[in-house]
Number of protein chains: 2
Amino acid sequence: MAPSDEAMTDTQRSVLEYVQKHLQESHRSPTVREVMRHFKWNSPQSARKHLLALEEKGYLERDEHIARGMRLAEPTVTGISIPILGKVAAGLPLLAEENREGTLVVDPSMARGGRNLFALTVRGDSMVNAHILPGDRVIVQQTTHAAPGEIVVALIEGEATVKTFRKTSSKITLEPANPKYDPIVITQDQDFRIIGKVVGVFSPR
Amino acid sequence: MAPSDEAMTDTQRSVLEYVQKHLQESHRSPTVREVMRHFKWNSPQSARKHLLALEEKGYLERDEHIARGMRLAEPTVTGISIPILGKVAAGLPLLAEENREGTLVVDPSMARGGRNLFALTVRGDSMVNAHILPGDRVIVQQTTHAAPGEIVVALIEGEATVKTFRKTSSKITLEPANPKYDPIVITQDQDFRIIGKVVGVFSPR
DNA sequence: TGATTTAGAATACGATTGTATACTAGTATA
DNA sequence: TATACTAGTATACAATCGTATTCTAAATCA
């Protein structure tokens, strides 16, 4: 349950702010008695009631009977960690642990709308004219459908490839952005699947 | 004091990994006894000795007498926040608060060697053949010197521009990567300054 | 061989800590 | 007026937890 469902009293707000500050500064939850002492109260229950109220209203999460067991309901986001996909193993879900090669941190602006993202390291120069170079990390939004002209990541016979998606009434082609290469025409009997479309490129130089 | 000064024993390494994992997953330090139970030991001292050893060797930090008082000596880096430079105001230090337009989070792999980084939003298409497009964020390492052929960010008469740096015995030129534009020849009386070189490009699509 | 280091056990002490119950007082509300 | 809610106090209990001391056993090393 997300915060801001229910209003806090002034004291509850102060307590929440103290807990937030404590977590931020010491990377550790305060104890009930630390809250009590900070507000110069004389009973652990004074603090405890506010903490329980904050938990009930969804602002705090707690683990019972555990010392320093408080957490903020909404963790502060500094960057979005998305998995880097390596070789895709057949039969496994795309984002299974086994397919992961590492983690890439991207700006939160990339993740608007809670998009289902992953990254892929580009091999080969087939997309240089779309400014996607070998070694670049393409940031991919997972989807099974794409509009013609969009740059997609497709799985052909178990191999992941980045190409421009083209579609006519009769056939689907995957078009490179490099005159050196020919378009790939998808035939009926091929194992073909769109796994996402490119929403960003990260290019270390 | 940085870790890796002193070698760990195998057990100490396992304990450190467990503490790291615990911190990462629950945002909370394990207790001495939780470490003990995880390794199926029968005495708190078994765990405590390893924890004290890890502290002495600089891998862990601890606060005495405090429940769940362990921290990693090197905080886990999830992303590097670098400032996005806007219009550069004359007279101010480059990275002054007034010049900042926002923050960009990049992968830690960009920040190897503790480089002094900032980001810049590209305006114009003068570098498209170097795969730097309008709207891209170039990630820049601050430096006053560059080798010919490197892509630099230069300040000409207070205006920041991204170009390829060229230098002969007689003159300095800034070369666009787009035939539509002519190279800029720097004259003696111009206020010219290199402020950094491009080490990465972040391109939202 | 004897000394040192490392790993772990056994046990205990006391402070810390989450929790429970019972109480007073003020304030808002139906 | 009676009721409910909020705020805080007082006190107690038991589990958790960091720490201290003493001990055994194996491995390393000079």
Side-chain angles (χ1 to χ4, degrees), chain A residues 3-23 25-73, chain B residues 3-23 25-73:
Chain A
S4 83
D5 309 338
E6 293 194 53
M8 284 180 281
T9 66
D10 287 348
T11 316
Q12 281 167 14
R13 183 174 301 279
S14 308
V15 170
L16 181 61
E17 277 168 13
Y18 171 71
V19 174
Q20 287 173 333
K21 200 179 148 202
H22 198 285
L23 278 166
E25 289 178 359
S26 71
H27 288 278
R28 181 198 307 144
S29 158
T31 64
V32 177
R33 279 174 176 80
E34 278 170 358
V35 175
M36 172 192 90
R37 285 191 290 265
H38 179 263
F39 288 95
K40 298 195 199 312
W41 292 326
N42 298 301
S43 165
Q45 279 314 311
S46 307
R48 186 155 205 268
K49 279 187 189 167
H50 295 298
L51 295 171
L52 289 175
L54 285 168
E55 189 193 3
E56 205 163 341
K57 292 180 182 176
Y59 297 97
L60 274 184
E61 288 174 9
R62 260 179 2 103
D63 290 326
E64 282 188 351
H65 298 281
I66 284 185
R68 305 183 179 280
M70 289 180 272
R71 300 185 306 276
L72 291 183
Chain B
S4 83
D5 310 338
E6 293 192 55
M8 282 181 279
T9 65
D10 288 349
T11 316
Q12 282 166 15
R13 183 173 302 278
S14 308
V15 170
L16 181 59
E17 277 167 14
Y18 171 70
V19 174
Q20 287 172 334
K21 200 178 146 202
H22 197 284
L23 278 165
E25 289 177 0
S26 71
H27 288 279
R28 181 198 307 146
S29 158
T31 64
V32 176
R33 278 173 176 81
E34 279 171 358
V35 176
M36 172 192 90
R37 285 192 289 267
H38 179 262
F39 288 95
K40 298 195 199 310
W41 291 327
N42 299 298
S43 166
Q45 279 314 309
S46 306
R48 185 153 207 268
K49 278 185 188 170
H50 295 298
L51 295 171
L52 289 176
L54 285 167
E55 189 193 4
E56 202 162 343
K57 291 179 181 176
Y59 296 97
L60 274 184
E61 289 175 9
R62 258 177 5 101
D63 290 326
E64 282 188 353
H65 299 279
I66 284 186
R68 304 183 180 278
M70 288 181 271
R71 300 185 305 277
L72 291 184

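Residue numbering restarts at 1 for every chain, and letters A, B, ... go by the order of the sequence lines.
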Heavy-atom donor-acceptor pair, B:Arg71 side chain to A:His27 backbone, under 3.5 Å: no
Under the side chain to side chain contact (heavy atoms under 4.5 Å, CB included) test, residues paired with B:Ser43 that sit two or more places apart: B:Gln45, B:Ser46
Partners passing side-chain hydrogen bond (donor to acceptor under 3.5 Å, both in side chains) against B:Arg62 (at least two apart in sequence or in another chain): B:Glu55
Integer-rounded Å distance: C:dA15 P and B:Glu64 CD: 16 Å
Euclidean distance, atom CD of residue A:Glu34 to atom C1' of D:dC17 [Å, nearest integer]: 14 Å
Residues in ring pair (Phe, Tyr, Trp, His ring centres under 6.0 Å) contact with B:His65, at least two apart in sequence or another chain: none
Atom-to-atom span, NZ of B:Lys49 to C1' of D:dT24 - whole angstrom: 11 Å
Rounded distance (Å) that lies between atom P of D:dT19 and atom CD of B:Glu55: 9 Å
Gap between atoms CG and C1', on B:Leu52 and C:dT6 respectively (whole Å): 14 Å
Phosphate OP1/OP2 of D:dG8: any A:His50 side-chain N/O under 4.0 Å: yes
Any residue meeting side chain to side chain contact (heavy atoms under 4.5 Å, CB included) with B:Asn42, in chain and number order, not counting sequence neighbours: none
Touch class at under 4.0 angstrom, heavy-atom based, for A:Ser46 against every strand present: base
Rounded interatomic separation in angstrom, taking CZ from A:Arg28 and C1' from D:dG18: 13 Å
Sugar-phosphate, base or nothing in reach of A:Arg48, heavy atoms under 4.0 Å: base
For A:Ser14, side-chain hydrogen bond (donor to acceptor under 3.5 Å, both in side chains) partners two or more places apart: none
Nucleotide D:dC17, atom C1' - distance to CG of B:Leu51 in whole Å: 13 Å
Nucleotide nearest B:Thr9 (side chain, heavy atoms from C-beta), chosen from D:dC17, C:dT6, D:dG8: C:dT6
Aromatic plane relationship, A:Tyr18 with A:Phe39 - under 30° parallel, 30 to 60° tilted, over 60° perpendicular: perpendicular
Candidates C:dA7, C:dT17, C:dT19 - which lies nearest the side chain of A:His65: C:dT19
Residues within residues 37-45 of chain B bordering DNA chain C, heavy-atom distance below 4.0 Å: B:Trp41, B:Asn42, B:Ser43, B:Pro44, B:Gln45
Nearest-angstrom distance from the residue atom CZ of B:Arg33 to P of D:dT19: 11 Å
Short side-chain N/O contact to D:dT19 OP1/OP2 from B:Arg62, under 4.0 Å: yes
